[in-house]
Amino acid sequence: QMRTLTERLMNGVRELVVQHGAHEVQVTLSIGLAALRPAETTASWIGRADAALYRAKREGRDRYVIDP
């Protein structure tokens, strides 16, 4: 479900065109995802998602990374 929802979100954002003054700007997303593990702390969960986000940013625009 996480992958399906993320792909729907990214496809929707790709279709957006934002006006900024006289320019049209295409918006893209970098997303990091992590599923909550049993007995995992909130800090650990967010930390894994954050690390996945920065991996997505390093690998290029318009992508998502799921922490295993």
Side-chain angles (χ1 to χ4, degrees):
Q1 288 178 338
M2 183 167 48
R3 184 181 308 268
T4 300
L5 291 173
T6 301
E7 289 173 359
R8 285 180 55 198
L9 173 63
M10 293 186 76
N11 287 333
V13 170
R14 284 182 194 119
E15 294 175 5
L16 294 175
V17 177
V18 178
Q19 285 293 132
H20 181 65
H23 303 283
E24 289 186 348
V25 179
Q26 183 176 1
V27 178
T28 61
L29 297 176
S30 297
I31 300 174
L33 301 163
L36 182 62
R37 296 175 179 160
E40 183 174 28
T41 65
T42 303
S44 173
W45 179 36
I46 292 172
R48 290 188 306 106
D50 192 51
L53 167 64
Y54 282 96
R55 182 173 155 210
K57 287 177 174 277
R58 279 192 311 273
E59 292 179 2
R61 292 184 161 179
D62 199 33
R63 69 181 61 239
Y64 64 94
V65 170
I66 299 174
D67 181 81

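Since we're looking at a predicted model, the values are computed, not measured. Numbers for residues simply follow the sequence, beginning at 1.
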>> Using the rule given for side-chain contact (heavy atoms from CB on, under 4.5 Å), can you reason through Lys57 versus Ile31, listing the C-alpha separation, both sets of side-chain angles and the distance that settles it, and then say yes or no?
In response: CA-CA 8 Å; Lys57 287 177 174 277; Ile31 300 174; over 6 Å; no
>> Using the rule given for side-chain contact (heavy atoms from CB on, under 4.5 Å), can you reason through Tyr64 versus Leu33, listing the C-alpha separation, both sets of side-chain angles and the distance that settles it, and then say yes or no?
In response: CA-CA 7 Å; Tyr64 64 94; Leu33 301 163; 4.0 Å; yes
> side-chain contact (heavy atoms from CB on, under 4.5 Å) between Glu24 and Val18: does it pass, once the steps are laid out?
Replying inline: CA-CA 6 Å; Glu24 289 186 348; Val18 178; over 6 Å; no
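The shortest distance between side-chain heavy atoms of Asp67 and Arg37 falls below 4.5 Å. When side chains are defined from C-beta on, Leu29 counts as touching Leu9, because their heavy atoms get closer than 4.5 Å.
Residue Ala34 comes nearest to Arg48 through the heavy atom pair CB-NH1, 3.7 Å, listed as atom of the first residue, atom of the second, then distance. Annotation for Gly60 and Ser30: closest pair O-OG, 4.2 Å, computed over non-hydrogen atoms.
The side-chain hydrogen bond (donor to acceptor under 3.5 Å, both in side chains) check on Gln26 picks up nothing, with sequence neighbours excluded. Scored by the salt bridge (Lys or Arg N to Asp or Glu O under 4.0 Å) test, Asp62 finds Arg14 as partners (sequence neighbours excluded). In this structure Thr6 satisfies the side-chain hydrogen bond (donor to acceptor under 3.5 Å, both in side chains) test with no other residue, sequence neighbours excluded.
Tyr54 is not connected to Trp45 by any chain of hydrophobic side-chain contacts under 4.5 Å among Ile, Leu, Val, Met, Phe, Trp and Tyr, and they are in different clusters. Under the 4.5 Å side-chain contact rule for hydrophobic residues, Leu53 and Ile46 do not share a cluster. No continuous path of ILVMFWY side-chain contacts below 4.5 Å connects Leu36 to Val65, so the two sit in separate hydrophobic clusters.
Ion pairing of Asp50 with Arg55 is absent here, as no side-chain N (NZ or NE/NH1/NH2) approaches a carboxylate O to less than 4.0 Å.
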